[in-house]
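Notes follow the structure.
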There are 2 protein chains.
Amino acid sequence: MPLYTCSMETRRADGVREALEQMIVTGELSDGDRLDEMSLADRFGCSRTPLREAFQALAASGLVQLIPRRGAFVRHPSLGEMVEMFEVMAELEALCGRLAARRVTPELLAELWATVTACEAAVAAQDHDRYYAENERFHLLLYRAGGNAFLEAEAARLHRRLKPFRRLQLRVRGRMAQSLAEHRAVLAALRDGDAEAAASVLRDHVAVQGGKFNDLMASYRQERLRPDAGLALRA
Amino acid sequence: MPLYTCSMETRRADGVREALEQMIVTGELSDGDRLDEMSLADRFGCSRTPLREAFQALAASGLVQLIPRRGAFVRHPSLGEMVEMFEVMAELEALCGRLAARRVTPELLAELWATVTACEAAVAAQDHDRYYAENERFHLLLYRAGGNAFLEAEAARLHRRLKPFRRLQLRVRGRMAQSLAEHRAVLAALRDGDAEAAASVLRDHVAVQGGKFNDLMASYRQERLRPDAGLALRA
DNA sequence: GTCAAGAATGCTGTATACAAGAACCCTGTT
DNA sequence: AACAGGGTTCTTGTATACAGCATTCTTGAC
């Protein structure tokens, strides 16, 4: 039990931050929208102080841009920026895989296999939501398997930021099955201690290349056009 | 000319953040130190509001830990965390190199060569400070050469965070010359468009392995023991 | 003498008040 | 009619006031 009993949700600012993050990620707030402190304070039933705190946190994650004396503006990544982020994500995951091939514990490897089993069931049932959840679990476990806590945190941070754009990719026909096969290939490489194979498979698994670019583009457009698209994301 | 005339240093909170960052990075503030809002407000001649803003920004960069209802605490990376950060930095730089081998512009390549020339002069004069400055320039240019703005920002962010620990490494005898040779090897690979060579050299250039681990350990200890060590860092 | 419970103090989180800069509008001029 | 200049209004940045939780000190009991 940690020393500091993390009293959750006693800070209003954290709740505001999370709410705004959802509103941005789901597209309820569009790119370039100005976040008005007073009207949002009214909406959330609090003063400007928690809002300003939330703005700063969001600015740190890159979701809003803070311009001095001008205000906070929603900052959606462009298609090009998203491709850039996936390029970095691919490399971070590849590094996780390379390290995990040497460092993964039997317990984590078992947990990773469990997600693959769960994914199989989801594919059989064509249950996108369940596949999505287990897919995320696989990746977060993989970050941990690298045995580098800093890398784990950075990878999880970027993963979280790319979340809304990964989801719709999975809806593409056959993508789930292919994704699952790649997960299996990663775990086989980890089992064999083949660092380079794990890295290579993961890089290609995450990278936006070939047909996946078009998938991403479609996902991007849909996210932008459907303000309510994110409601299912909370699962 | 950008639309928003970035009026610099009009926000007191930014100045406070920078000052605190210096105090933490230079070791004036030790690990675990609690940052008292009121006494620091007195010291900086402002109210608690800008300080709290600065605390949040520092927490976002990982320099302080914010515990709800408890306060802000200085958070120095442990030796192990530093090794972890260098592990990630090595991979990010390797990625920059791999991408730059295909994307670098002639102009940037020329600028990169210029830093090598400047480094040569610094090595000949045994001028650590100048070598340090040009070395940093080389790496920042390399991040840009990758042609991925997101990667550039992330790499620069991590580079900045590792700054205080990189400096003393260079004081090790012979390290400057070896570092310079590695820079040359990187640029040769970029010139030849050899992505894998560039990535490989950069990974080894940055990674903490073999004797460099001991250098880092020494650097770590010295940073911690000498509160005034960072005065020369501002150059 | 030690430990526990309660009160008192101090600090954080939030609300509000105030000052200064930015945006907007209106008017006057060319 | 278009543009420049000034003034007004609105918003941000900062200071201060207030409420609630955490720590600590004190006091009493075992």
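Every chain is numbered from 1 and lettered A, B, ... according to where its sequence line falls, protein lines coming before strand lines.
Partner A/L63 forms a side chain to side chain contact (heavy atoms under 4.5 Å, CB included) with one of A/E21, A/M23, A/R75 and no other, that one being A/E21.
Contact check on A/D36 versus A/R34 returns a salt bridge, with a Lys/Arg side-chain nitrogen under 4.0 Å from an Asp/Glu carboxylate oxygen. Under the 4.0 Å criterion applied to side-chain N and carboxylate O atoms, A/R103 and B/E87 are assigned as salt-bridge partners. Under a 4.0 Å N-O distance rule, the pair B/E136/B/K163 qualifies as a salt bridge.
For B/Q56, the side-chain hydrogen bond (donor to acceptor under 3.5 Å, both in side chains) test picks out A/E53, with sequence neighbours left out.
D/dG13 atom P lies 11 Å from atom CD1 of A/I67, rounded to whole Å. Rounded to an integer number of Å, the gap from B/Q56 CD to D/dT14 P is 14 Å. The CE atom of B/M38 sits 15 Å away from the P atom of D/dA15 (whole-angstrom rounding). One can place CD of A/E53 at 16 Å from C1' of D/dT12, the figure rounded to the nearest angstrom. When rounded to the nearest whole Å, the span between CZ of A/R69 and P of C/dA23 equals 12 Å. Here the P atom of nucleotide D/dT14 and the CZ atom of B/R17 are 13 Å apart, to the nearest Å. One atom, CG of B/L66, and another, P of C/dC11, lie 17 Å apart when rounded to the nearest Å. As a whole-Å value, the separation of A/R34 CZ from D/dT11 P is 6 Å.
Judged purely by atom type and a 3.5 angstrom limit, B/E84 uses its side chain to pair as donor or acceptor with the backbone of A/A149.
Closest to the B/R12 side chain, of the nucleotides D/dA15, C/dT14, C/dA20, is D/dA15. Comparing D/dG20, C/dC11, D/dT12 by their closest approach to the side chain of B/D36 singles out C/dC11.
For the pair B/R11 and D/dG13, the criterion of a side-chain N or O lying under 4.0 Å from OP1 or OP2 is met. In this structure, A/R70 does not reach the C/dA22 phosphate: none of its side-chain N or O atoms is under 4.0 Å from OP1 or OP2.
A/H205 and A/E93 share no donor-acceptor pair across their side chains, judged by distance under 3.5 Å alone.
A heavy-atom distance below 4.0 Å to DNA chain D is reached by these residues of residues 40-52 of chain B, ordered by number: B/C46, B/S47, B/R48, B/T49, B/P50.
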